[in-house]
Chemist: 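Submitted below is the structure of interest, expressed as structure tokens.
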Amino acid sequence: MDTPRLAVVCDNDEDRERLQALAGELGLPLIESLAPTPPDLLLSLQQGRLALVQSGPGAPGPVSVDFGGGRMRQRRRGGQNELLGKAIGVGRKSPLRVLDATAGLGRDSFVLADLGCEVTLCERHAVVAALLASGLEQARCSDDEWLRATARRMQLAAGDARQLPGPSLAAVDVIYLDPMFPHRGKSAAVKKEMALFQRLIGIPEDEGDSEVLLRWALQQPVARVVVKRPLKAPPLDAHKPSHAIRGKAVRFDVHVLATLGAKG
Ligand SMILES: C[S@@+](CC[C@H](N)C(=O)[O-])C[C@H]1O[C@@H](n2cnc3c(N)ncnc32)[C@H](O)[C@@H]1O
């Protein structure tokens, strides 16, 4: 897949300073108009929230991080949350400190924070990290006390999880991994929003990168490493988990390394 051309777009004076700083941070051009050659993907502010938009007719809707939105609230009631919480070990120690080493758009992190975990969100793609930062900022300023309290349990660490300093890792109980699954040729089945996200970060050809990440995670001083997998996929890196928790579409492979709560 070709690398999409990205730009930050600003069509009003009010947002200019903020978007100029963002474009500088991300090393992207700041443009005022989509003419004459619109970029493939653009970042813009929509009611103060950073959004990724695909230009052109019939393009999928914007991708942004909206923790207080309908979808996230609906997901709160979904059965998969219980499975994720169980896999992580919610209830075995309070508060449970989780490193989400593949934070993406932060949906799993938010579910875990809602379940009471203290979550560090690590995201290595600078644009995705910027979407997350914007979503977190909005949640922290919300009128909704539940949303503010949940967002306070989430800390963003932009960058590669493997570069996290040792002291940060010493304070983690569980590492959670949800790496991108390689392309299986079913792109028509992928939801439009997900397709846009995949366009931005690219779909891996194989699982080599994820295998390296799992090997790294298993060497850290944590009690558990949990890996989200498609239901029928083999364990990542052929590394047999201690046990697995199965849902309707996904499975959580749990690698138990120590007793939760043994650490302070
Ligand atoms: C499938 S998405 C995760 C989706 C996420 N669980 C959610 O609920 O939105 C995987 C993400 O992991 C990120 N990623 C992969 N390897 C990483 C690493 N070593 N460090 C930090 N982020 C990583 C990718 O950039 C991508 O955004």
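Atoms within a ligand are numbered from 1 in the order they appear, just like the ligands themselves. FYI, side chains are in, hydrogens and waters are out, and symmetry mates aren't considered; it's all heavy atoms of this structure.
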Chemist: Using a heavy-atom cut-off of under 4.0 Å, does the side chain or the backbone of A101 touch ligand 1, or both, or neither?
Modeler: backbone
Chemist: Do the ring planes of F110 and F67 sit parallel (below 30°), tilted (30 to 60°) or perpendicular (above 60°)?
Modeler: parallel
Chemist: What distance do L105 atom CG and L52 atom CG have between them, rounded to the nearest 0.5 Å?
Modeler: 9.0 Å
Chemist: Going by the atom numbers of ligand 1, which of them fall below 4.0 Å from some non-hydrogen atom of L105?
Modeler: 9 (O)
Chemist: Please determine if D160 has a nitrogen or oxygen closer than 3.5 Å to a nitrogen or oxygen of ligand 1.
Modeler: yes
Chemist: Is a side-chain N or O of S134 found less than 3.5 angstrom from the main chain of R49, in a donor-acceptor match?
Modeler: no
Chemist: So, the side chain of S64 versus the backbone of D66: is there a donor-acceptor pair under 3.5 Å, distance only?
Modeler: no
Chemist: What's the shortest distance from atom 20 (N) of ligand 1 to any protein heavy atom, and which residue and atom give it?
Modeler: A161 N, 3.0 Å
Chemist: To which protein heavy atom is atom 12 (O) of ligand 1 closest, and what is the distance rounded to 0.1 Å?
Modeler: T102 CB, 3.1 Å
Chemist: What part of I201 sits under 4.0 Å from ligand 1 if we count only heavy atoms: the side chain, the backbone, both or neither?
Modeler: side chain
Chemist: Count I, L, V, M, F, W, Y as connected when their side-chain heavy atoms are under 4.5 Å apart, and connections chain through other members. Are L19 and I31 then in the same cluster?
Modeler: no
Chemist: Treating R97 as the side-chain partner and A170 as the backbone partner, does any N or O pair qualify as donor plus acceptor under 3.5 Å?
Modeler: no
Chemist: Mark up the atoms of ligand 1 that fall under 4.0 Å of a heavy atom belonging to A103, in ascending order.
Modeler: 5 (C), 7 (C), 9 (O)
Chemist: Kindly identify the option in R162, R107, M194, R124 whose heavy atom sits closest to atom 18 (C) of ligand 1.
Modeler: R124
Chemist: Indicate, as side chain, backbone, both or neither, the part of L213 found under 4.0 angstrom from ligand 1 when only non-hydrogen atoms are considered.
Modeler: side chain
Chemist: Using heavy-atom distances, let me know which of Q163, M180, E123 sits nearest atom 11 (C) of ligand 1.
Modeler: E123
Chemist: With no hydrogens and no angle check, is any side-chain donor or acceptor of E123 less than 3.5 Å from a backbone partner on G104?
Modeler: yes
Chemist: Within the 4.0 Å heavy-atom shell around D178, which atoms of ligand 1 are there?
Modeler: 1 (C), 2 (S), 3 (C), 4 (C), 5 (C), 6 (N), 10 (C)
Chemist: Polar contacts were defined as any N/O atom of the residue lying under 3.5 Å from an N/O atom of the ligand; does this apply to F197 and ligand 1?
Modeler: no
Chemist: Check for me whether S109 has a heavy atom closer than 4.0 Å to any atom of ligand 1.
Modeler: no
Chemist: Which residue holds the protein heavy atom closest to atom 8 (O) of ligand 1, what is that atom called, and what is the gap in Å?
Modeler: D108 N, 2.9 Å
Chemist: For E145, is there an ion pair with R148 - N to carboxylate O distance below 4.0 angstrom?
Modeler: yes
Chemist: Checking Q138 side chain against G48 main chain: does a donor-acceptor pair fall under 3.5 Å?
Modeler: yes
